[in-house]
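In what follows, chains carry the letters A, B, and so on, assigned in the order in which the sequence lines appear, proteins first and then strands, with residues in each chain numbered from 1.
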Amino acid sequence: MFDTSLRPGRPIPGLGFFPEKPYAKAPRDEGDMTMLDLKLVQKHPELVREALARRASSLDIAEFTALDDRRRELLQESEALKAERNKASGDIAKAKREGGEATELLARMATVSDRIKVLEAELSTIEEAETAWLMSVPNIPHQSVPLGQSEHDNPVLRTWGDIPAFNFEPKEHWELGAALGGLDFERAAKITGSRFAVSLGWAARLERALASFMLDVQTREHGYVEVLPPYIVNSASLTGTSQLPKFADDLFKLAGTDYYLIPTAEVPLTNMHRDETLTEDDLPITYCALTPCFRSEAGSYGKDTKGLIRQHQFHKVELVRFEHPERSWEALDLLTRHAEVILQRLGLPYRVITLCTGDMGFGSAKTYDIEVWLPGQQKFREISSCTNFEDFQARRAGIRFKSKQSKKSALVHTLNGSGLAVGRTLVAVLENYQQADGSLVIPEVLRPYLHGEEHVILPV
RNA sequence: GGAGAGGUAGCGAAGUGGCCGUAACGCGCCCGACUCGAAAUCGGGUUACGGGCUUAUCCCCCGUACGUGGGUUCAAAUCCCACCCUCUCCGCCA
């Protein structure tokens, strides 16, 4: 079975946020570091500062604590006034019922109410600033994450399969796909623009077969519940999974609406349980979905301009897990294995790398990337990214669970990973299964999905 | 797109300015009594979040929340405005 010897150490309690209720309690850690996540900032600024430094974040913690001190001040004054007003309200009601007058009280309450309005106006300004600050703080990397500046510092965790030796010069997938009449980039550019592709005939069928195969393995063998979610989501969902507010430029927004095309099924799947309190027995909840993904690819001009590697639209089978905080680290290992199985069955060589602190995603506590070997490029290329967010997304999205004993609610841990990116898998199949005569052999596991087809032959 | 109805605890639902929001009433759920055990019946309990206090996730005190956001008022579930969602009917549509 799987090698489960990988066991990251103790997690650091997450630092995160939350759109509507930014001051929720953090889940209990195994140790004694029970505290509000804000208190993590307040009581252990050195821990947070160090974590931010590791991610090259320039956020100023003093700025935050100043805001928070002011917030408490305002809150306490306005709450005291509200208590007074509530009490006076009862007295006024009583006086009126008894036919009396309460002119003096009414006058004082008018002043009190005005003061409350002033306080609350300032309070909401402060809270806005505080939330903005919190929203821009990346997650704290797990202590097992290697330090590093960029993708060049990501250590290889393991490799699988042998790099194939070709007795001819292997072609790149776009060349092969075009030659075999399955990929048409020129017409896609006419229909839409650059970074789009038309698949036709065998290529379209092969991609559909790959997607079906992936879904079957994940649902039947790994127990994920198949979901067909909306491909369009609102800004609250994107905030929950942390694409917003910081990464709006990477998204396609529908003009005149609050709607966006999904950049990944992670967004609808994770937001399935936004603002819900689950029961402990519900966990883990595991979903998978095949969806198109839409990305603007802003800032990647000139990269991978040819072929299917970097498209504005691609299909992906995504895996999402909602886990008990005590089990999320073994779940990350499991999730990664679930993605790897697909490549193993397809006979595609790959390696797993651990993203270093400088290369991790914004909300990630730890990420493993799976990279498949592409003979045409003579390179390993990312085909899956498996991440444990710990409570980072759960805090923003308000996803809790109630434990039976303590009756207290805590934040769940969320994880996701591609299982796999379908378009890139097609690329890998093309490049790894190409033959000297320019034809393509269909991987055995896909043949049942293709009515037994074994080859794609070069058209005469 | 047009017309109408609605959104209050886990669910159903009452409440139309203060005496009703730890929210009536019913269901569910938890504990107890009765019972050999169960059902039925009877009694009790059962929102979340924030602030303060605190070693503390207990207790206690205070605040907030009736779809969302504004407004009127000393006081809003209740009155006014805008928006969102659900349902019914009509039109249109794959």
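Here A:A88 lies out of heavy-atom contact (under 4.0 Å) with every strand. Here A:L75 lies in heavy-atom contact (under 4.0 Å) with sugar-phosphate atoms only. Across all strands shown, A:S113 has heavy atoms under 4.0 Å from sugar-phosphate atoms exclusively, and none from any base.
Of all nucleotides present, none satisfies the Watson-Crick or G-U wobble test against B:A13 with each distance under 3.5 Å. Pairing for B:G1 goes to B:C90, judged as Watson-Crick or G-U wobble with the two contacts each under 3.5 Å. Base pairing analysis places B:U64 opposite B:A48; the two distances defining the Watson-Crick or G-U wobble pair are each below 3.5 Å.
B:C66 and B:A24 are spaced 15 Å apart, taking the C1' atom of each and rounding to whole Å. Straight-line distance between the P atoms of B:A56 and B:U73: roughly 44 Å, to the nearest whole Å. Between B:U22 and B:C49, the two C1' atoms lie 14 Å apart (nearest whole Å). To the nearest whole angstrom, the two C1' atoms, one in B:U8 and one in B:U78, are 12 Å apart. Nucleotides B:G26 and B:G18, compared at atom P, are 24 Å apart to the nearest Å. Taking atom P in both B:U72 and B:C87, the straight-line distance is 35 Å, to the nearest Å.
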| said: Run A:S89 and A:N86 through side chain to side chain donor-acceptor pair (under 3.5 Å) and show every step you take. | reply: CA-CA 5 Å; A:S89 256; A:N86 288 345; 5.6 Å; no
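Rounding to whole angstrom units, CG of residue A:L119 and C1' of B:G51 are separated by 15 Å. Summarising the geometry, the separation between CG on A:L105 and P on B:G18 is reported as 18 Å, rounded to the nearest angstrom.
With hydrogens and angles ignored, no donor-acceptor pair under 3.5 angstrom links the side chain of A:E79 to the base of B:G52.
How far CD of A:E120 is from NZ of A:K82: 3.5 Å, rounded to the nearest 0.5 Å.
Other residues, nucleotides and ligands contribute over 12 non-hydrogen atoms within 6.0 Å of the CZ atom of A:F252.
Neither OP1 nor OP2 of B:C74 sits under 4.0 Å from any side-chain N or O of A:N86.
Side-chain contact between A:L283 and A:F322 is present, with at least one heavy-atom pair separated by less than 4.5 Å.
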